[in-house]
Amino acid sequence: MDSVLISGAGIAGPVLASLLARRGVHVTVVEIADGVRPGGQAVDLRGAGRTVLDRMGLLDRARALSLQQEGIAEVDSTGRHLSEMRVSDFGGEGIVSEIEILRGDLADLLVADSKDHGAEYRFGTRISGLSPAGDQVQVELDDRSVCLVDLVVGADGPHSATRKLVFGPEEQFVRPLGGYMAWFTAPEGESLDGWYAMYNHPGGLVASQRPGREDGTAKASLSFASEPLVFDRHDPDEQRALLRTRFAGAGWRTPELLAAADVADDFYLDALVQVHMAEWSRDRVTLIGDAAYCPSPLTGLGTSLALVGAYILAGEVTSQPDLQVALQRYDELARPYVTTAQELPPGGMRSFAPNSRLAIWLRIATTRLMVSRPLRPLARRMFFSKAEAVTLPEYTVD
């Protein structure tokens with residue numbers, strides 16, 4: 001394996017780029033954005049995903065960038081805490097994990113590390129065509145350049161253009177979960193005191209704020225339950241108008257959050273979905289991360305899957321002389337973990353965004369029971385052990 005082209009500079013792509021480049025592979029990463037995408041919510045470093053970063057020698061650097069948080073609190077319209085789940089309640093593996101890092105900060109760290117090991121990045125560029133070329137793949141890019149590589153990897157998210165080119169339309173693989181979520185940066189306003197505050201309103205509405213890394217800033221989210229909607233995924237103004245309609249009169253801090261969404265330069269809204277595929281590889285093209293097996297934010301394991309999938313793929317293609325054997329091994333080793341990680345919490349979207357006041361109250365009561373000392377061990381086994389549900393092979397990292 002001499003050359004690889006990766007599409008996508010999120011989390012999975014740069015991890016794979018770093019691991020391959022460390023082993024002498026010539027790696028090119030193309031990314032449609034003009035640079036590393038800023039913003040995004042905090043992502044968890046837990047379980048096997050944390051182990052991958054540790055083996056890469058990056059865990060201490062990631063820990064230095066992590067947010068200082070007390071835990072998650074469900075709040076009422078006045079901000080009063082109705083339930084609390086502290087970081088320490090489940091040994092740092094609860095809803096808010098011991099190490100939480102802003103997605104943009106983690107991407108910056110991973111891209112920088114992969115560049116240090118020789119990976120090349122071409123921002124503002126995407127794949128426009130793929131065709132077999134003997135023992136290689138001919139890749140056409142939208143800047144009209146053409147290159148030949150041994151392997152193409154799609155790490156370009158749930159709306160993967162690479163997947164569409166090779167495997168077929170998005171509708172074959174993407175399963176809506178019944179809701180939408182927007183992320184953006186907002187002023188913190190009244191201090192959160194380190195808590196990730198979550199507010200539910202009847203009608204399947206969820207608003208949240210969690211501390212940012214910079215003083216006075218917060219990472220905000222507005223989510224709502226809904227059947228599939230038709231709107232322009234590339235028109236943020238249309239999406240902001242949709243949020244204003246949905247959250248009119250919802251209470252708590254929603255007026256301030258809607259105002260912040262209107263001016264946030266990192267505003268992003270998308271459907272909550274999962275990606276399910278019977279195969280992730282075809283000839284000399286394969287997929288990793290959300291492009292292949294997006295679990296949705298409801299599971300809290302998207303980052304773990306990205307890290308583990310990239311680690312296994314890199315290990316196999318650099319240790320197996322036969323590429324097809326390596327890709328089959330990648331599937332065999334990663335798929336059981338993917339299947340476990342894609343299991344939604346009980347109730348799925350209905351639990352995350354309850355429709356009635358009674359359902360909201362039941363959710364709060366359930367959280368209180370989970371964190372009670374007698375039930376913590378059971379709750380940990382049932383809800384917070386999936387991130388560890390894989391035995392990582394030992395590969396040479398450097």
Side-chain angles (χ1 to χ4, degrees), residues 1-10 12-34 111 114-115 117-173 275 277-293 306 309-335 395:
M1 175 66 60
D2 296 320
S3 58
V4 174
L5 184 138
I6 301 168
S7 176
V15 172
L16 180 64
S18 177
L19 291 170
L20 291 176
R22 292 169 188 230
R23 297 169 203 177
V25 179
H26 182 268
V27 182
T28 302
V29 182
V30 297
E31 165 60 52
I32 189 173
D34 292 333
V111 168
S114 61
K115 285 182 176 179
H117 288 91
E120 173 192 354
Y121 281 77
R122 298 177 64 176
F123 290 103
T125 309
R126 63 179 173 181
I127 298 173
S128 58
L130 297 169
S131 54
D135 290 337
Q136 292 186 301
V137 183
Q138 177 173 296
V139 184
E140 300 170 20
L141 302 175
D142 65 352
D143 62 3
R144 299 187 178 180
S145 62
V146 176
C147 57
L148 290 172
V149 296
D150 298 322
L151 177 67
V152 173
V153 181
D156 43 354
H159 303 292
S160 172
T162 310
R163 187 185 62 223
K164 183 177 180 181
L165 283 171
V166 178
F167 295 90
E170 181 172 308
E171 293 74 21
Q172 294 182 18
F173 312 108
V275 174
M277 302 183 70
E279 58 176 350
W280 303 327
S281 305
R282 187 167 293 178
D283 298 324
R284 290 181 170 269
V285 180
T286 193
L287 305 172
I288 57 173
D290 282 354
Y293 31 76
Y311 175 80
I312 292 175
L313 177 61
E316 292 302 319
V317 299
T318 55
S319 61
Q320 297 284 347
D322 186 316
L323 177 61
Q324 297 310 313
V325 171
L327 295 178
Q328 181 62 35
R329 288 269 300 164
Y330 158 55
D331 190 302
E332 292 172 355
L333 292 169
R335 192 170 290 274
Y395 301 116

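Hydrogens, waters and symmetry mates play no part in the numbers below; they use all other heavy atoms, side chains included. FYI, the numbering just counts along the sequence from 1.
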Between [X] and [Y], what is the shortest heavy-atom contact and its length?
| X | Y | result |
| --- | --- | --- |
| His117 | Ala21 | O-CB, 3.4 Å |
| Ala292 | Met277 | O-CG, 3.8 Å |
| Val275 | Asp290 | CG2-O, 3.5 Å |
| Leu19 | Ala310 | CD1-O, 4.1 Å |
| Ala133 | Gln138 | CB-N, 4.1 Å |
| Asp331 | Glu279 | OD2-CA, 4.5 Å |

Subject >> Worked verdict on Val166 versus Leu130 for side-chain contact (heavy atoms from CB on, under 4.5 Å) >> reply: CA-CA 8 Å; Val166 178; Leu130 297 169; 3.6 Å; yes

What's the separation between atom [atom1] in [X] and atom [atom2] in [Y], rounded to the nearest 0.5 Å?
| X | Y | atom1 | atom2 | value |
| --- | --- | --- | --- | --- |
| Glu170 | Arg163 | CD | CZ | 5.5 Å |
| Arg23 | Thr318 | CZ | OG1 | 4.0 Å |
| Leu20 | Arg22 | CG | CZ | 11.0 Å |
| Ser18 | Lys115 | OG | NZ | 13.0 Å |
| Gln328 | Glu316 | CD | CD | 10.5 Å |
| Leu141 | Ser7 | CG | OG | 9.0 Å |

Answer yes or no: is there a side-chain heavy-atom contact under 4.5 Å between [X] and [Y]?
| X | Y | value |
| --- | --- | --- |
| Asp135 | Asp150 | no |
| Val153 | Thr286 | yes |
| Gln136 | Ser3 | yes |
| Phe167 | Gln172 | no |
| Ile288 | Tyr293 | yes |
| Ile127 | Val152 | yes |

Using a 6.0 Å cut-off, check whether atom [atom1] of [X] has over 12 heavy atoms from anything other than its own residue.
| X | atom1 | answer |
| --- | --- | --- |
| Asp142 | CG | yes |
| Asp322 | CG | yes |
| Arg126 | CZ | no |

Original post:
Any ring pair (Phe, Tyr, Trp, His ring centres under 6.0 Å) pairs touching residues 134-163, not counting sequence neighbours?
Top reply: none

**OP:** Kindly write out the residues that satisfy side-chain contact (heavy atoms from CB on, under 4.5 Å) with Ala17, not counting sequence neighbours, or none if the list is empty.
**Re:** Ile6, Val27, Val29, Ser114, Ala119, Tyr121

Original post:
Is the shortest side-chain N to carboxylate O distance from Asp143 to Arg122 below 4.0 Å?
Top reply: yes

**OP:** Please step through side-chain contact (heavy atoms from CB on, under 4.5 Å) for the pair Leu323 and Val317, ending with a clear verdict.
**Re:** CA-CA 6 Å; Leu323 177 61; Val317 299; 4.0 Å; yes

Subject >> Under 3.5 Å: donor-acceptor pair, side chain of Thr125, backbone of Phe123 >> reply: yes

Original post:
Are the side chain of Ser128 and the backbone N or O of Glu140 linked by a donor-acceptor pair below 3.5 Å?
Top reply: yes

Subject >> Mutual orientation of the aromatic rings belonging to Tyr330 and Trp280 [parallel < 30°, tilted 30-60°, perpendicular > 60°] >> reply: tilted

Subject >> Set of residues satisfying side-chain hydrogen bond (donor to acceptor under 3.5 Å, both in side chains) with respect to Arg284, sequence neighbours excluded >> reply: none

**OP:** Apply the test side-chain contact (heavy atoms from CB on, under 4.5 Å) to residues Gln320 and Met1: give CA-CA distance (whole Å), side-chain angles for both, the deciding distance (0.1 Å), then the verdict.
**Re:** CA-CA 9 Å; Gln320 297 284 347; Met1 175 66 60; over 6 Å; no

**OP:** List the steps and the verdict of side-chain contact (heavy atoms from CB on, under 4.5 Å) for Tyr395 and Ile312.
**Re:** CA-CA 8 Å; Tyr395 301 116; Ile312 292 175; 4.0 Å; yes

